[in-house]
Each structure stands twice: as structure tokens, then as C-alpha cells.
Amino acid sequence: MSSVSALRSGKAPGRPAGSGGATAWENIKAIVVTVAIFLVIRTFLIEAYRIPSGSMIPTLLVGDWLFVNKLAYGPHVPFTDINLPGYDEPERGDVVVFVSPNQIDQPDDPTPTLVKRLVAVAGDTIWMRGGLFHVNGMPQKQSFEAAQNPVGDGGFSHPLFQWQKEYEVRGTRAGDPPASPTLDDWGPLVVPSGFLFMLGDNRYDSKDGRYWGFVPRQNVRGRPVFVYYSYRADESDRPLPFLTDIRWGRIGTIIR
């Protein structure tokens with residue numbers, strides 16, 4: 001009996017035998033395809049990243065959520081050492097997401113994913129004097145906004161700085177390296193082939209390349225594009241700040 005005839009006769013139309021199983025299978029396939037598409041996008045195209053610390057203030061704030069372009073520098077194939085080709089190369093001045101070199105002082109999470117500013121590439125000679133960073137003899141002043149960050153103890157030294165000794169050079173216009181590197185005075189160093197050097201914009205509140213050294217090029221994971229959500233994660237006194245203390249003015253901010 002057709003469905004129309006069944007309705008006219010007041011009988012409920014029947015279902016073909018086995019149709020319930022077919023419908024369930026179609027639903028499973030739809031879910032699998034959706035998950036696969038999501039994983040492809042997340043792995044090879046774009047991924048979300050949350051800012052947990054103030055090391056990049058004022059460029060990035062605690063509680064910023066970013067979209068990261070993973071295709072730009074070449075996406076990384078998960079669970080392998082393979083990086084696919086990208087359409088761009090990291091350049092000085094870029095804000096970059098990368099896997100940190102091994103940090104021996106934090107065994108619970110020795111290789112976190114970080115975001116810093118790329119300040120030197122392979123072959124560059126770098127140093128810092130009086131807190132002013134230099135690349136190949138040229139001083140690199142920070143932006144006016146970054147220069148307003150609080151100034152800390154530039155004479156601070158740490159045993160983690162000793163990695164620099166292997167890469168120090170002498171006879172440059174910067175003079176010889178200091179006997180003990182500090183936050184404000186270190187180098188000259190030469191960035192080796194296949195490596196990059198990163199610093200945080202908030203120089204006195206940033207655990208960066210001064211502590212853990214050069215970053216292998218293959219550790220780069222992407223370039224942040226813009227802030228898609230932001231709230232006062234570290235300074236709000238409101239309940240549920242992710243809902244009640246949103247930084248509306250930062251949403252859509254392009255990252256430079």
C-alpha cells in the first residue's frame with residue numbers, strides 16, 4: 001500500500017525492512033565525515049590558540065583567543081617529523097606559534113606550544129646591550145606601546161642562560177660577550193643554520209630565547225591572524241569573566 005493510500009485509509013505507512021539500520025549507518029557516516037573535515041582543517045589550515053601569559057603584552061593579552069594560520073609556514077603532519085611546504089617563510093618581526101625547545105626546568109611540560117616574536121633568522125649576529133636588542137649591528141627598537149611595559153631587573157642572570165656560551169662570538173662591534181649573560185646584556189651570538197630566535201614583546205616578563213635558546217625551523221606551527229575572542233582572564237573581579245568581562249574592542253584585532 002502506498003503512503004498516500006495508507007494516509008487516506010487512516011493507516012500509518014510502514015517502513016521498509018532494515019531501513020532503521022540504513023538510517024543509523026548514514027548518520028554515522030555523516031558524523032565521521034564531519035569529524036574528518038574538522039581534523040583536516042585543524043591540522044593543515046587553521047587552529048585556535050589561547051594566550052595564557054603576559055609575555056607578549058601589549059600585542060597579545062592574557063585571555064586572547066587567536067586563529068592561527070597553519071598553512072602559511074607549512075603544516076606539520078601529526079605524530080611525525082614531517083612538515084609540508086607552506087607558501088611563506090618566517091621573517092623577522094613575525095609573531096609565530098611554535099613548539100618550544102626542551103625546557104629542562106619544567107619536566108612536566110618540557111616542550112609547550114608558545115607564541116613569541118621572531119627577531120632573528122639563521123646567519124644573523126645578535127646581541128643585547130642595556131636592554132636594546134641588535135641584529136647584524138642594527139638596533140631594533142620596540143614599538144612605542146611595547147616600550148611602555150614595566151622595566152624589570154636587567155641585571156638578572158640565570159643558569160639557563162649558559163646555553164649561550166656555545167654560540168658566542170668575539171671581535172664584533174658589540175665587543176666581547178659578558179662573562180655572565182643577563183636579561184639586558186648578552187651576546188654576540190650567531191644564529192645557526194636551520195634555526196630561529198624568539199623574544200617576547202614584554203621583555204622583562206617573558207621566558208623566551210634568552211632562557212631556552214634557538215628554535216628549530218621545523219618547530220614552527222603557524223602565524224596568528226586575528227583575535228576572535230578575548231576576556232579579562234587575569235584581572236577580572238567579576239564572576240564568570242569569560243561571559244561577563246569580555247574585551248569587545250579586541251575582537252577582530254589583526255595581529256602584527
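These numbers come from a predicted model, not from an experiment.
Clustering ILVMFWY residues whenever any of their side-chain heavy atoms sit less than 4.5 angstrom apart, transitively, puts Val215 in the very cluster that holds Leu160. Under a hydrophobic-cluster definition in which Ile, Leu, Val, Met, Phe, Trp and Tyr are linked whenever side-chain heavy atoms come within less than 4.5 Å, directly or via other members, Tyr228 and Ile254 are assigned to the same cluster. One hydrophobic cluster, built from ILVMFWY side chains closer than 4.5 Å, cannot hold both Val68 and Val220; they sit in different ones. Hydrophobic clustering of Ile, Leu, Val, Met, Phe, Trp and Tyr side chains at less than 4.5 Å, counting indirect connections, keeps Val95 apart from Val121. Tyr167 and Ile126 fall within the same hydrophobic cluster, defined by Ile, Leu, Val, Met, Phe, Trp and Tyr side-chain heavy atoms under 4.5 Å apart, directly or through other members.
Here the side chain of Asn83 pairs a donor or acceptor atom with the backbone of Gln218 at under 3.5 angstrom. In terms of modelled atom types and a separation under 3.5 Å, the side chain of Arg250 and the main chain of Ser230 share no donor-acceptor contact. Side-chain atoms of Ser100 never come within 3.5 Å of backbone atoms of Pro112 as a donor-acceptor pair (strictly under, hydrogens ignored). The main-chain N or O of Pro181 is found under 3.5 Å from a side-chain atom of Ser157 such that the two form a donor-acceptor pair. At least one donor-acceptor pair closer than 3.5 Å links the side chain of Arg210 to the backbone N or O of Arg203. The backbone N or O of Asp185 sits nowhere less than 3.5 Å from a side-chain atom of Arg129 that would complete a donor-acceptor pair. Of the possible donor and acceptor atoms, none in the side chain of Asn202 sits under 3.5 Å from a partner among the backbone N and O of Met56.
Ring pair Tyr211/Phe156 is tilted by interplanar angle, where 30° to 60° counts as tilted.
Contact detail for Val62 and Gly54: the closest heavy-atom pair is CG2-N, 3.5 Å.
Among residues at least two apart or in separate chains, salt bridge (Lys or Arg N to Asp or Glu O under 4.0 Å) pairs with a member in residues 155-165 are Lys165-Glu168.
The shortest distance between side-chain heavy atoms of Leu183 and Asp153 does not fall below 4.5 Å. Taking the side chain as every heavy atom from C-beta outward, Ser206 and Leu199 never approach each other to under 4.5 Å. At a threshold of 4.5 Å between non-hydrogen side-chain atoms, the residues Ser236 and Tyr231 do not count as touching. A heavy-atom distance below 4.5 Å is not found between the side chains of His76 and Val99. A 4.5 Å side-chain heavy-atom check between Phe67 and Tyr229 finds every atom pair outside the cut-off. Looking only at side-chain heavy atoms (C-beta outward), Leu66 and Leu60 come within less than 4.5 Å of each other. In this structure, Arg217 and Pro90 have side chains that are in contact, with non-hydrogen atoms separated by less than 4.5 Å. Contact check for Arg221 versus Glu47: no side-chain heavy atoms found under the 4.5 Å cut-off.
One finds no salt bridge joining Arg117 and Asp208 here, because no Lys/Arg side-chain nitrogen approaches an Asp/Glu carboxylate oxygen to under 4.0 Å.
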Evaluation steps, side-chain contact (heavy atoms from CB on, under 4.5 Å), between Met198 and Leu114: CA-CA 10 Å; Met198 313 286 186; Leu114 304 174; over 6 Å; no
Could you go through the side-chain contact (heavy atoms from CB on, under 4.5 Å) check for Trp212 and Asp105 one step at a time? CA-CA 10 Å; Trp212 33 251; Asp105 61 319; over 6 Å; no
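More than 12 heavy atoms of other residues, nucleotides or ligands shown are found within 6.0 angstrom of CG on Asp109. Within 6.0 Å of CG in Leu132 there are more than 12 heavy atoms belonging to other residues, nucleotides or ligands. Annotation: Tyr87, atom OH; neighbour count of heavy atoms from other residues, nucleotides and ligands within 6.0 Å is above 12.
Taken from CD1 in Ile51 to CG in Leu61, the straight-line distance is 9.0 Å, to the nearest 0.5 Å. Taking OG1 from Thr244 and CZ from Arg232, the interatomic distance works out to 11.0 Å, rounded to the nearest 0.5 Å.
Side-chain contact annotation: Asn102 with Thr111, donor-acceptor N/O pair under 3.5 Å absent. Side-chain N/O atoms of Tyr73 and Asp94 include a donor and acceptor closer than 3.5 Å.
Close placement of the Trp163 and Phe214 rings is indicated, their centers lying within 6.0 Å of each other.
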